[in-house]
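All values reported here derive from a predicted model rather than from experimental measurement. When a ligand or atom number is given, it counts from 1 through the structure's own listing order.
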Amino acid sequence: MSTIDTLKDRTTPVFSPDDVTVIFVLGGPGAGKGTQCERLVARYGFAHLSAGDLLRAEQNRPDSEFGDLIRHHIRNGLIVPMEVTIALLEAAMRQILDETSTSTDAAAQGRKKGKFLIDGFPRKLDQALKFEEAVVPARFVLFYDCPEAEMERRLLERGKTSGREDDNAESIRKRFRTFIDTSMPVVDYFEKQDRVVKVDARLKPDEVFAITQKEIEKRLHL
Ligand code: C5P
Ligand code: MG
């Protein structure tokens, strides 16, 4: 992950917002971010990058130097140091942009070119500031708002089959704590800039998606 070294000192974005559209997708654990992103991908052809999925993949990569660090943070519901997560995101974005630019499938190119849903990121203010400074400014934040009791119910249900090391009662408690203490300030930060689209995530997936579609279409002129 060579980008880690360059990231620290970089003070201008590597991608231009003219070429790359980024939507940050936030919400507590179990709010339905992944479910909604899947549907947005199917409907509009966004590329979906889940920060948590990228971290889990890096954790499981045999020669990763960050495996133990990531595992420790995920089990304890803590936020992995931002350099690691941003480097993973940037590398994944670059790969997708390269693939679509060389693809001969015009439809795939048109659909995917530079439209990213970045799911579960930024979870801490330093991630937000650094990503917008060094990678690309986001268009807006889609925030899935859901009460903790409902998120807990969903996570425990998902934990029966997800195989995730952090879908257990103990880790869930820690993840909620981190969400309130560390991630909500990020939502507040964007809210103050009038860049948050808040969606009621208590509803059924279809209903949440209908609201999401309306908001997305309005803002991106789709
Ligand atoms: O989004 P997801 O629930 O898959 O994230 C799982 C875990 O990955 C988080 O609880 C956190 O430990 C880590 N994570 C992180 N920084 C992010 C996203 C996820 O440290 N931006
Ligand atoms: Mg997820």
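- Every atom of ligand 1 with a heavy atom of G52 under 4.0 Å away is listed here by number and element: 4 (O), 5 (O).
- Salt-bridge check for R177 with D181: passed, with a basic side-chain N closer than 4.0 Å to an acidic carboxylate O.
- Each of the atoms 15 (C), 20 (O) of ligand 1 lies under 4.0 Å from some heavy atom of V80.
- Taking a cut-off of under 4.0 Å to the non-hydrogen atoms of G120, the atoms of ligand 1 that pass are 17 (C), 18 (C), 21 (N).
- Atom-to-atom distance recorded for E148:CD and L155:CG is 10.0 Å, nearest 0.5 angstrom.
- In this structure, R153 does not pair ionically with E157, as no charged nitrogen and carboxylate oxygen lie closer than 4.0 Å.
- Every atom of ligand 1 is numbered from 1 in the order shown, and the set under 4.0 Å from a heavy atom of H73 is 12 (O).
- To the nearest 0.5 angstrom, T85 atom OG1 is 9.0 Å from L54 atom CG.
- Counting the atoms of ligand 1 from 1 in the order shown, those under 4.0 Å from a heavy atom of L78 are 11 (C), 12 (O), 20 (O).
- Looking from atom 7 (C) of ligand 1 to the surrounding protein, the closest heavy atom is I74 CG1, 3.9 Å.
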Margin query: Would F121 and L49 count as a side-chain contact (heavy atoms from CB on, under 4.5 Å) here? Give the steps.
Written below: CA-CA 9 Å; F121 179 96; L49 296 177; over 6 Å; no

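- Below 4.0 Å from some heavy atom of I79 lie the following atoms of ligand 1, by number and element: 16 (N), 20 (O).
- What sits closest to atom 4 (O) of ligand 1 on the protein, heavy atoms only, is R56 NH2, 2.9 Å.
- Listed by atom number, the atoms of ligand 1 under 4.0 Å from Q127 heavy atoms are 16 (N), 21 (N).
- Taking CG of L40 as the start and CG of D119 as the end, the distance is 10.5 Å to the nearest 0.5 Å.
- In terms of protein heavy atoms, atom 2 (P) of ligand 1 is closest to R123 NH2, 3.5 Å.
- For ligand 1 and R164, the ligand atoms under 4.0 Å from any heavy atom of the residue are 2 (P), 3 (O), 4 (O), 6 (C).
- Atom 15 (C) of ligand 1 has L55 CD1, 3.5 Å as its closest protein atom, hydrogens excluded (heavy atom only).
- Using a 4.0 Å cut-off between charged side-chain N and carboxylate O, D206 and K204 make no salt bridge.
- Residue R219 forms a side-chain hydrogen bond (donor to acceptor under 3.5 Å, both in side chains) with just one option from H221, E215, E217, and that option is E215.
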